[in-house]
Every structure is written in C-alpha cells, then in structure tokens.
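Below: the structure, in structure tokens.
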Amino acid sequence: MMEYNPRAIEKKWKKYWDDNQVYKVSNKSDKPKFYVLDMFPYPSGSGLHVGHPLGYIASDIYSRFKRLNGFNVLHPMGYDAFGLPAEQYAIQSGIHPAKSTSDNIARYREQLENLGFNYDWTREVQTCDPKYYKWTQWIFLQLYESYYDNDINKAQSIRLLTEAFEKEGNLGINAVTTQEDIFTAEEWNEMTAAQQEDILMNYRLAYRKKGYVNWCEELGTVLANDEVKDGVSERGGYPVEKKAMLQWSLRITAYAERLLNDLDTVDWSDSLKAMQRNWIGRSEGAQLFFDVADSDEKIEVFTTRPDTIFGATYMVLAPEHDLVAKLTSSEQQAAVDDYLKYVNARSERERMSEVKEVTGTFIGAYAINPFTKTKIPIWIGEYVLKDYGTGAIMAVPSDDDRDNAFATKFGLEIIDVVDKTDYPGATLSDKIGKMINSQYLNGMEVKEAIETMLEKIEEEGIGTRKINYKLRDANYSRQRYWGEPFPIVYNQDGTSFPLDESELPLELPNLEDFKPASGGKSPLARLDDWINLDNGYVRETDTMPGFAGSSWYFLRYMDAHNDEEFVGQDAVNYWQDVDLYIGGTEHAVGHLMYSRMWHKFLYDNKLVPTAEPYKKLINQGMIQGVIESLYLMKEKKDGFSHFMCAGLAKEQGVENFSKILIHVDFVKEYGSDNSYIDIDSIKKFIDWRPSYKDAIFECSKGVYQKGVFTSKGDATDSRLVTQSEVGKMSKSKYNVINPDVVVERYGADCFRMYEMFLGPIEQSKPWDTNGIDGVSKFLRKLWSLFYNENGDYLVKDEEPSKEHLKILHTAIKKVNADIERFSMNTCVSNFMVCVNDLKKAKCNNKAVLQDLVILLSPFAPHVTEELWHALGNDTTVNDATYPQANESYLVEDSYTYPISINGKKRALADFANGLSKEELEKGALELEAIQKWTEGKTIRKVIVVPKRMINIVVG
RNA sequence: GCCCCUGUGGCGGAACUGGUAGACGCGCUGGAUUCAAAAUCCAGUUCCUUCGGGAGUGGGGGUUCGAUUCCCCCCGGGGGUACCA
C-alpha cells in the first residue's frame with residue numbers, strides 16, 4: 001500500500017470484525033468482568049452531531065484497553081426508543097412513531113458503526129420492543145405489589161401487609177405511607193374490597209392517587225418534577241400548571257435516605273453528587289402542633305428551627321391547605337375568596353418569577369403559640385407550599401427572611417430571638433447566635449437551643465423529631481400514546497387490578513390519529529375495543545414515562561434475549577453492576593435517581609446482587625459549536641434589508657442592528673475573528689433565506705445587491721465579516737457538524753483521536769475542524785514508520801536499540817497511567833511525542849512498532865488492525881496483550897537540574913545520578929552561572945531535592 | 001440567594017502527591033523543496049526589554065527555600081437549585 005488510506009482500511013477491517021464476530025461477548029468466561037456503559041440515546045430525527053460521540057469514544061477506548069488487559073468486557077448499545085418527540089412528530093406528519101423511531105434508529109446505527117465502536121450489537125435493546133417492555137411492565141407490577149417496611153428498611157410484598165392488617169390492623173405497622181387513619185383488624189376485615197384497595201394504595205410503591213401534578217397543556221400530558229425547568233416543560237419550553245388529577249406515582253420518597261447515604265459508596269463527581277443531594281433535600285427538624293383558638297383543630301407545622309419558637313408571632317398556611325375553609329371567619333371570607341381566586345389565576349411561571357413580591361391575607365382565626373401561650377394570627381400566603389412539610393409554617397419574622405418580608409409588609413409583630421452581635425457578617429441562614437427573649441433558652445447558642453427545644457417538644461407531647469425531604473414521589477402517568485401501556489385494569493368501582501404475568505406484554509395497540517383525546521386523556525382513550533374488556537373491566541389508558549424503560553436497561557444488556565426473566569440470575573451475578581458509566585450531566589436528577597431507586601428495589605427483592613447500579617460515573621462535557629450571525633440594520637435602506645459587515649456595524653453601534661443567524665457552512669473561516677462571507681456565500685445565504693433575495697450586503701470592500709457587486713476600491717469580492725460566538729451545537733443554531741462528514745474526509749481513527757485530543761472529557765469545549773490536521777499528520781507519520789512513499793515495507797525484525805526502547809516504554813508508561821485516569825487528551829499527546837521521537841530516531845524495528853500498535857489500538861482501531869496484520873499477525877489486535885512498561889529501559893545516568901537562586905531558575909546543569917546531596921550542592925555552587933548570583937552575598941541555605949531541583953537561598 | 005465546577009500564550013489545552021510554567025496540537029513568522037500550489041521538511045513563536053535582565057497561570061493578601069497547585073478575601077464564566085420552613 002502506497003500511502004495511508006483510511007477509507008479503504010476502515011471499510012476492510014469493519015467487515016473483518018463483523019465476519020469474525022470480534023466484538024461478541026460471552027457471559028461465560030474465566031476472565032474478570034468489566035462493564036462499560038454509555039448513556040442510553042434517544043434516537044432523535046436529526047441524528048448524531050460531533051458532540052454526541054465524545055463519551056462513546058472515551059468508553060470505547062477504555063473498554064478496548066480493558067480487554068487488552070485481560071478483562072471480559074461488556075460494552076453494549078441500544079435505544080431509549082419511546083418518547084415525546086416521535087409522537088409530536090406523528091401529530092404533525094401522520095407518520096407512525098414506530099416508523100419514525102425505527103428509521104431514526106437505523107440512522108443512529110449507521111452513524112455509530114461508522115466510528116468503529118466495539119459494541120456487541122447482538123445485545124442491542126429498544127425500549128419500544130414488546131420483548132423489552134414486557135419486563136418494564138413486569139417490574140412495574142412488582143413495585144405495585146410492594147410496600148416499604150421501615151423496620152427492616154426495605155421493600156416487602158404487599159401480601160405480608162394484608163396478612164398483618166387481617167390480624168392486627170395497621171397500628172403496629174411501620175411503613176412508608178400516606179395512610180393517616182388507624183384501623184383495627186376487625187375494621188379491616190369488614191371493609192369492602194374497594195375500601196381495602198383504597199387503603200393499600202397508600203402503601204404500594206407504585207400507586208394511584210389524586211394529587212396536584214405538573215400539567216402541560218401544550219404537550220397534553222403530566223410531567224415529572226425533573227421534566228419541568230423554570231416553570232416550563234424541559235422539552236419544548238411550554239407552560240406548566242398545577243392541576244389535580246388521578247395519576248400513577250412511584251413512592252421514590254421511601255428510598256430517600258438510602259439514595260442519599262449510598263452516594264457515599266459510588267465514585268461520581270462531586271457536582272453530580274451535590275445535585276442529587278440537593279434534589280433529595282434532607283432536613284432535620286421537628287413536626288409539632290399549634291392549637292387553634294376557639295376550635296378543636298390543630299395546625300401541624302414542620303420547622304428546622306424549633307429554637308426560634310418564642311419569636312413565632314403568626315402562622316401561614318398554604319392557600320390550598322385543607323384547614324383554610326374550616327378556619328376562615330365570616331368577616332374574612334370575602335378577602336380569602338379574593339385571594340384564592342388570585343392565586344389560582346396565576347401560572348406556575350408567574351409564581352416563580354415574582355418571588356420578591358409578598359402576597360397573602362389574614363383568615364380571621366388565631367393559633368396559640370404552645371410555648372408563649374399567646375394568640376397569634378393565622379394567614380394564608382403563596383410563599384408557603386402545599387407539598388413541602390405540612391403545608392403550614394410557624395412564622396419567625398426576626399430570623400427568617402421570607403417571614404420578615406411578609407411581617408413587614410402586613411405590619412405583623414417581630415420579636416428578636418437570636419442575638420448575632422458576636423458573629424459580625426453572619427446571615428440568617430448560618431444558624432448561629434445567642435438566644436434572647438426566649439425564657440429558659442436565653443444565653444444558649446443556637447445549636448444547643450435547637451437540641452433543648454427538640455427534647456422539650458417531645459417531652460411535652462406536642463410534636464416529634466422529624467426528617468423532611470424535598471424529594472417528591474414521581475409522577476408515573478403520561479397522557480400519551482408512545483410509551484409502555486400499564487398492565488392494569490379497573491372494575492366498575494375504579495378499583496385497580498394487575499394483569500397476570502402470563503398476559504404480559506400488554507402490547508401497545510396500533511393507532512392512526514395521534515392527537516390527545518379530550519379531557520386530558522391519552523389518544524388510547526379513543527380505542528373503545530382495546531379499553532373495554534369482555535368482563536366489564538376497562539384498561540388504563542395512560543402510558544408510562546420515559547424513565548420507565550431507561551431505569552433498568554443496563555440489566556437487560558446482560559441477558560438481552562431472555563424470555564423467562566428480565567435478566568437471568570447467572571448473567572446478573574456474573575456482570576453484577578456497571579463499572580464505568582459515561583454520559584452527560586443532563587440526567588443527573590432524572591434518570592440517575594430513578595434507576596438507582598429501581599435498582600435498590602430489585603436489590604431488596606434479591607433480583608440483583610448490588611445496592612447501586614453504577615460504580616463509577618464520568619460526565620462528559622459538551623462540544624460546543626460556533627454560532628455565526630450577520631448584522632442586519634433595524635432600519636431598511638430604500639425599502640431593502642441592509643446587512644453590514646461586523647466591523648462597520650460596531651462603528652455605528654450594534655444596538656442599531658439585529659443579529660440574523662447564518663448557517664456556518666456558508667461562512668468562510670468560521671469561528672475566527674475574521675470569519676466572513678464572499679459573494680458565493682451570499683448567494684448560498686439567499687437561496688437558504690429567499691426573503692432576503694433583494695437585500696443589500698455592505699462591507700468595507702464594496703456593496704452587493706441582486707447579483708451585482710459594486711466595489712469600493714479595486715476589490716473583486718465581498719468580505720463581509722460575520723459575528724462569531726461559541727455556544728450550543730444545535731439544529732436551531734445552524735451550526736451542527738455531522739461526524740460522517742469528518743469521517744469521510746479524515747477517517748474514523750482520526751476523528752476519534754481528535755475528539756479526545758480536544759481536551760479533558762469532563763470539560764465543555766468548542767469544536768474546531770481546523771485543528772484536526774494535527775492528528776491527521778500524526779497518523780500519516782505513524783504510517784511512514786511502516787511504509788515509505790513508494791509503498792516499500794520498512795519494518796525490520798532485529799534487536800531493538802536502547803534508544804528506541806526508551807522512547808517506546810516512556811509512551812507505554814504514560815499512556816497506561818493516563819487511560820486509567822481518563823486523561824485521553826494527554827494520551828494522544830504522548831502518542832505524538834512517541835511517533836515524533838521514533839521518526840527522528842529512524843526506528844523501523846518490528847518489536848518496538850508492534851508494541852506501539854497495540855498501545856494505540858484502543859484509540860485508532862482500524863489503522864492499528866491494518867498495521868498489526870502487516871506485521872505478520874493473523875488474529876485481531878483486540879486479542880493481543882497490552883504492553884507493560886519496563887522501568888529498566890527508562891533509567892538515565894544523569895539528570896538535568898534546574899538551579900534556582902531564591903526560587904528563581906538561573907541555570908541548568910547535568911549531574912550524574914548517585915551523587916550525594918552534598919556533592920550536588922557543591923557542584924551547583926561551583927557553576928559559573930551561579931557564582932555570578934552568589935558573589936558578595938551570604939548563602940543562607942541550599943535545598944537539594946535529588947532528581948528534582950536545587951534551590952540556593954542568598955541574602 | 002444557596003450549592004457545585006471553572007479561570008494558564010492568538011486558540012484548544014499540558015504540568016502526577018507543592019519542585020524547570022506553557023508539553024502536544026492549531027494558528028502565525030521565516031526558510032527548504034516546487035515553474036507554481038498542495039503536501040512534506042527545518043527553525044522560531046508568553047509578554048516587555050536599554051539584551052544585563054524584568055514581569056507572568058482572573059485580582060489582592062497569606063503559608064513556604066519554592067505556589068498554576070495549599071489557605072483567606074474579591075471578581076469573571078458555566079451548571080444545578082430556589083419562597084423547601
């Protein structure tokens with residue numbers, strides 16, 4: 001072969017890998033296992049851009065590296081194939097989501113294969129495949145048939161619960177539940193089946209309940225908390241409102257404490273763990289009751305600051321609180337009604353964006369402060385949330401910013417209870433200071449006072465210690481078509497029944513019209529034949545959310561074709577858990593939280609051997625794009641749109657211009673300060689945006705309009721400078737770079753190495769196609785160690801020289817260490833150094849080059865497979881043995897010491913290894929370059945660190 | 001507001017536990033080869049400089065013989081979260 005030809009080489013070896021099933025992985029092996037997982041992609045219609053494969057390349061390198069080091073490596077891929085976008089697309093286009101999804105999957109597969117990944121495709125899964133979602137439905141039913149036992153701290157069969165109810169009622173049951181009323185065994189046994197079922201719903205881990213949910217009108221569905229950002233839907237950015245609906249939920253709150261504590265056992269980034277801890281939001285405090293004056297009612301509140309109770313001068317209930325109706329006085333009825341009307345009219349978004357403004361109203365009732373025994377007014381206010389704590393607070397305006405703002409606005413009493421004069425600069429959230437105006441607490445530090453009050457509250461029987469979580473149960477119903485149907489039917493009373501396991505999977509029926517049904521229902525609600533069963537029962541018409549299928553997919557890869565179990569026990573006991581998970585941070589609180597919960601549930605049921613699914617997790621950064629735009633004058637010129645060069649626009653003040661996005665493909669030297677468009681580019685732009693066909697394009701070289709360029713001097717072409725900035729790579733920014741295009745030009749090996757070379761995987765960085773030449777040159781240089789320009793094979797099988805071995809083993813040592821710490825960018829640098837040095841040293845030695853080929857193969861699998869065979873091997877390089885660094889090749893007989901005067905480097909000098917500290921000191925002081933600095937000065941100290949540096953302190 | 005991450009040449013980025021700041025690559029400059037270009041190769045490239053040196057890792061302080069690295073304060077960028085009681 002004459003020169004390095006990636007296109008031919010890559011095609012050839014892909015076929016070889018395929019024909020020989022090189023990447024097929026067995027569940028039976030004597031080798032230690034290693035499981036490398038990529039985050040489950042949703043196959044979107046726009047395909048992959050260069051940002052997506054970043055994590056896939058890193059995981060591919062690592063899994064190849066592990067395989068070469070003697071591990072049996074599982075590295076699978078599949079698709080999170082149910083989801084909203086396909087359905088939204090179906091509504092617009094009429095194309096069935098199954099069709100568009102499978103088309104998109106085909107495109108993804110093609111793009112992924114193009115990059116030479118070592119996936120075992122025989123294990124591919126798709127969540128929309130009935131063979132897969134049979135088991136999603138099955139796990140849901142296990143959740144439905146379980147409750148959480150606080151005494152043994154794990155999930156238990158609901159059968160054990162009903163047995164206990166039959167014998168002793170629910171008094172002795174310590175379970176996670178929303179059941180408040182106590183009942184005896186007799187009462188339970190006398191209940192109707194429907195009544196019993198209602199009670200069980202308060203215990204089931206998958207349960208159905210009417211509650212306030214995030215309703216998105218535009219998407220026609222309910223969303224989980226993590227799918228709502230800033231009061232709008234994460235997908236699409238549509239408004240979301242709180243709506244009371246009958247919905248399925250998962251009792252993830254049962255696992256809050258374990259989800260929090262077990263974060264200490266996994267190797268994840270601090271920021272990711274922090275996000276999860278925040279989302280769980282654990283806080284310790286007290287739950288206590290305030291009596292209501294002239295009433296039997298009590299108001300239950302949660303507080304983390306029981307020490308400040310002597311400063312509690314009023315109470316606030318959430319507007320939706322149950323007691324509001326009961327406690328409102330007739331005089332205040334009109335005011336309360338007005339206020340509730342106002343609150344209900346406000347969208348979630350308004351409520352969030354106008355946080356600064358305090359609103360509320362007095363309801364005309366009073367509570368008794370249990371410690372001061374004074375009557376304090378009860379208010380309602382938006383700032384108290386129905387679904388956190390008890391939906392009611394004791395307000396301490398002196399020690400809480402929100403209470404303070406409220407009290408100030410409405411003229412409520414403020415009593416100082418914490419003296420912070422000892423702590424200048426301390427804020428209210430610091431929880432420090434000395435107690436005042438608080439009877440027996442006076443003089444105590446806050447910490448001590450909290451503990452004292454907690455004891456006091458329990459002693460007096462007005463409340464208990466309590467731990468609260470921000471984490472809410474997860475909405476599990478979606479009023480959509482393209483998701484897993486619930487294996488649930490209802491009788492005429494609305495009581496739910498699970499389908500029998502033998503009836504699974506409950507397949508998603510076919511549909512032609514994908515618009516939501518009326519009344520906030522899924523399109524499935526229109527399928528009368530499907531809904532209504534012969535026995536008079538009806539089916540659930542909602543479908544499961546996206547996180548259902550993705551919460552356990554990594555288990556299915558272990559045993560993808562098992563028809564008997566969701567995963568075979570032999571398989572799961574062999575593969576255990578995921579050793580390395582690479583993916584973006586966007587799943588921090590959604591997918592990662594849900595799948596951890598499912599895993600813990602399966603663990604409680606002894607179906608998986610580990611308590612956590614993902615041992616180590618790396619968040620890859622985003623690859624950003626360059627966003628290019630043109631400056632368009634806000635005022636038209638002679639009725640024509642008028643674009644101007646960025647330079648001219650800046651002179652005239654950019655506020656007079658609007659920025660019009662332009663496709664980066666049209667821009668010359670895009671991304672640089674000098675990015676510009678010439679006449680050719682302008683023509684492309686006009687073809688793309690025909691509304692600007694008559695526009696004026698003005699730059700310092702001249703003016704272009706309607707096909708004519710009028711030069712301002714002797715220029716023959718336009719050079720209209722565009723505005724470049726770094727931002728998200730996305731279809732809507734017209735800056736998407738398709739990896740296929742890069743691979744076509746430079747080859748997959750080059751693309752893979754260049755993505756790694758851009759920088760650390762965790763960091764976000766901009767894509768710049770220009771830089772790829774460096775990696776391309778490197779690969780050609782590598783090739784040139786094997787073949788000269790005439791195609792002559794240069795490799796010689798002889799004894800390697802010491803120099804060559806040293807170059808090789810330096811690289812082995814560094815690359816090995818760098819892969820282990822996922823520093824792929826420095827690995828690429830090390831390869832470049834190695835090849836540069838071998839080239840300079842004119843190395844064509846077989847032993848040296850063969851080890852180099854193995855070392856490089858995880859990064860550039862195609863070219864190394866070619867060279868591996870060229871070296872005379874006839875099995876795949878994947879089955880080679882990874883070279884180990886031999887320190888004896890690396891020893892030097894001297895070291896070049898930097899010699900500093902007062903910490904500032906002044907000279908370099910070679911000293912033989914093995915010299916004593918005294919000899920090194922003497923040698924350094926004798927140097928001419930050093931004497932120049934020490935002359936006439938006192939040498940106070942000399943620090944000698946062998947094989948590092950010498951520092952001379954003079955004064 | 002709170003929490004987490006981050007700040008190094010024109011650019012992407014190196015520098016493992018404190019020890020030669022700027023590896024490697026892009027870009028740029030000069031040169032070789034060429035009729036010319038591409039490709040390739042060689043040399044240079046942090047800034048200032050009176051060519052002795054001086055300054056320098058967002059800014060200011062500190063610890064140390066020595067700080068990009070550790071500590072304190074401040075500023076900028078990114079992400080998460082938000083009336084969470």
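What you are looking at is a predicted structure, and each value in this text was computed from that prediction instead of being measured. Letters A, B, ... are given to chains in the order of the sequence lines, protein chains preceding strands, and every chain is numbered from 1.
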(request) Determine, step by step, whether A/Arg277 and A/Asp264 satisfy the salt bridge (Lys or Arg N to Asp or Glu O under 4.0 Å) criterion, reporting the C-alpha distance in whole Å, the side-chain angles of both residues, the deciding distance to 0.1 Å, and the verdict. (result) CA-CA 11 Å; A/Arg277 287 193 187 108; A/Asp264 296 337; 3.3 Å; yes

(message) Rounded to whole Å, how long is the line connecting atom CZ of A/Phe757 with atom C1' of B/rG12?
(response) 8 Å

(message) Need the pair for B/rG9. Rule: Watson-Crick or G-U wobble, both distances under 3.5 Å, any strand; none if unpaired.
(response) none

(request) For A/Met949, answer base if it contacts any base atom (sugar-phosphate contacts may also be present), sugar-phosphate if it contacts only those atoms, and nothing otherwise; contact means non-hydrogen atoms under 4.0 Å. (result) base

(request) Pick the C1' atom in B/rC42 and in B/rU46, then give their distance to the nearest Å. (result) 23 Å

(request) Take the protein atom CD of A/Glu586 and the nucleotide atom P of B/rU81, then report the distance between them rounded to whole Å. (result) 12 Å

(request) Remember a base hit wins even if backbone is also touched, and classify A/Ser829 as base, sugar-phosphate or nothing at under 4.0 Å, heavy atoms. (result) base

(message) Can you identify which nucleotide, out of B/rG12, B/rA21, B/rA14, has its nearest atom closest to the A/Lys905 side chain?
(response) B/rA21

(request) Using both distances under 3.5 Å as the test, list the Watson-Crick or G-U wobble partner of B/rU64, or none. (result) none

(message) Do the side chains of A/Glu284 and A/Arg282 get close enough for a salt bridge, i.e. N-O under 4.0 angstrom?
(response) yes

(message) Check A/Glu887 with A/Lys813, please: is the shortest side-chain N to carboxylate O separation under 4.0 Å?
(response) yes

(request) Both distances under 3.5 Å, Watson-Crick or G-U wobble: report the partner of B/rG56, or none. (result) none

(request) Please state how far atom CG in A/Leu779 lies from atom C1' in B/rA39, giving the value in whole angstrom units. (result) 16 Å

(message) Any base atoms under 4.0 Å from A/Asn951, or only sugar-phosphate, or nothing? Heavy atoms, all strands.
(response) base

(request) Examine distances only and state if a side-chain atom of A/Asn735 and a backbone atom of A/Lys728 form a donor-acceptor pair shorter than 3.5 Å. (result) yes

(request) Answer yes if the side chains of A/Thr408 and A/Asn404 hold a donor-acceptor pair under 3.5 Å, and no otherwise. (result) yes

(request) Please determine, for B/rA82, whether a Watson-Crick or G-U wobble partner exists with both distances under 3.5 Å, and give it or none. (result) none

(request) Could you check whether A/Arg906 gets within reach of a base, just the sugar-phosphate, or nothing at all, counting any heavy atom under 4.0 Å? (result) sugar-phosphate

(request) Can you tell me the distance, in whole Å, between the NZ atom of A/Lys840 and the P atom of B/rC24? (result) 8 Å

(request) Write down the distance between CD1 (A/Ile952) and P (B/rU20), rounded to a whole number of angstrom. (result) 16 Å

(message) Regarding A/Arg780, tell me which of base, sugar-phosphate or nothing describes its non-hydrogen contacts under 4.0 Å with the strands shown.
(response) sugar-phosphate

(message) Distance check, C1' atoms only: B/rG27 and B/rG10, in whole angstrom units.
(response) 8 Å

(message) Salt bridge or not between A/Lys273 and A/Asp267? Use side-chain N to carboxylate O under 4.0 Å.
(response) no

(request) Scan residues 395-404 of chain A against RNA chain B and write down, sorted by residue number, each residue with any heavy atom closer than 4.0 Å; if none is found, say none. (result) A/Arg402

(request) Select one nucleotide: of B/rC3, B/rG13, B/rC83, the one nearest the side-chain heavy atoms of A/Tyr383. (result) B/rC83

(request) Quote, to the nearest angstrom, the P distance that separates B/rG44 from B/rG25. (result) 13 Å

(request) Select from A/Val828 and A/Asn825 the residue whose nearest nucleotide in RNA chain B is closer to the 5' end of that strand. (result) A/Asn825

(request) With the side chain of A/Lys765 defined as its heavy atoms from C-beta on, choose the nearest nucleotide among B/rC3, B/rG12, B/rA85. (result) B/rG12

(message) What I want to find out is whether A/Lys733 reaches A/Glu628 closely enough, with some N-O distance under 4.0 Å, to be called a salt bridge.
(response) no

(request) Measure from the side chain of A/Ile943, starting at C-beta and using heavy atoms only, and say which of B/rG25, B/rA14, B/rG19 lies closest. (result) B/rG19

(message) Using atom C1' in both nucleotides, what's the gap between B/rU49 and B/rG58 to the nearest angstrom?
(response) 25 Å

(request) For A/Arg940, report the nucleic acid contact type (base, sugar-phosphate, nothing); a contact means any heavy atom under 4.0 Å. (result) nothing

(request) Please determine if A/Asp387 and A/Lys470 form a salt bridge, counting it only when a charged side-chain N lies under 4.0 Å from a carboxylate O. (result) no

(message) Nearest whole Å is fine: how far is B/rG13 P from A/Tyr754 OH?
(response) 10 Å

(request) Return the value, rounded to whole Å, for the distance between atom CG of A/Asn619 and atom C1' of B/rG78. (result) 14 Å

(request) Side chain of A/Pro760 only, please: which of B/rC24, B/rC4, B/rG13 is the nearest? (result) B/rG13

(message) Checking contacts here: which listed nucleotide (B/rA14, B/rC84, B/rG12) is nearest the side-chain heavy atoms of A/Leu758?
(response) B/rG12

(message) Let's see if you can work this out: which of B/rC26, B/rA15, B/rG52 has an atom nearest to the side-chain heavy atoms of A/Lys932?
(response) B/rG52

(request) Sort out the partner of B/rU40 for me: Watson-Crick or G-U wobble, both distances under 3.5 Å, none otherwise. (result) B/rA32

(message) Could you tell me how far B/rG52 sits from B/rU8 if I compare only their C1' atoms? Round to whole Å.
(response) 28 Å

(request) Select one nucleotide: of B/rA85, B/rU20, B/rG19, the one nearest the side-chain heavy atoms of A/Leu908. (result) B/rU20

(message) If you count every heavy atom of other residues, nucleotides or ligands that lies below 6.0 Å from A/Glu820 atom CD, does the total exceed 12?
(response) yes

(message) By nearest atom, which of the nucleotides B/rG54, B/rC3, B/rC24 is closest to the A/Trp933 side chain?
(response) B/rG54

(request) Starting from the 5' end of RNA chain B, give me the residue, A/Ser764 or A/Ile772, whose nearest nucleotide shows up first. (result) A/Ser764

(message) Once you apply a heavy-atom cut-off of 4.0 Å, does A/Gln763 come out as touching a base, just sugar-phosphate, or nothing?
(response) sugar-phosphate

(message) We want to know whether A/Ser776 and A/Arg780 form a side-chain donor-acceptor pair, criterion being a heavy-atom distance below 3.5 angstrom.
(response) yes

(request) Only one of A/Leu855, A/Leu852, A/Thr810 passes side-chain contact (heavy atoms from CB on, under 4.5 Å) with A/Val815; say which it is. (result) A/Leu855

(message) Students often get this wrong, so: under 4.0 angstrom with heavy atoms, is A/Lys777 touching a base, only sugar-phosphate, or nothing?
(response) sugar-phosphate

(message) In whole Å, measure the gap between the P atoms of B/rG9 and B/rC3 for me.
(response) 29 Å

(request) Between B/rC4, B/rG25, B/rA85, spot the one nearest the side chain of A/Ser271, thanks. (result) B/rC4

(request) Could you tell me whether the phosphate oxygens of B/rA23, OP1 or OP2, come under 4.0 Å of any side-chain nitrogen or oxygen in A/Asn836? (result) no

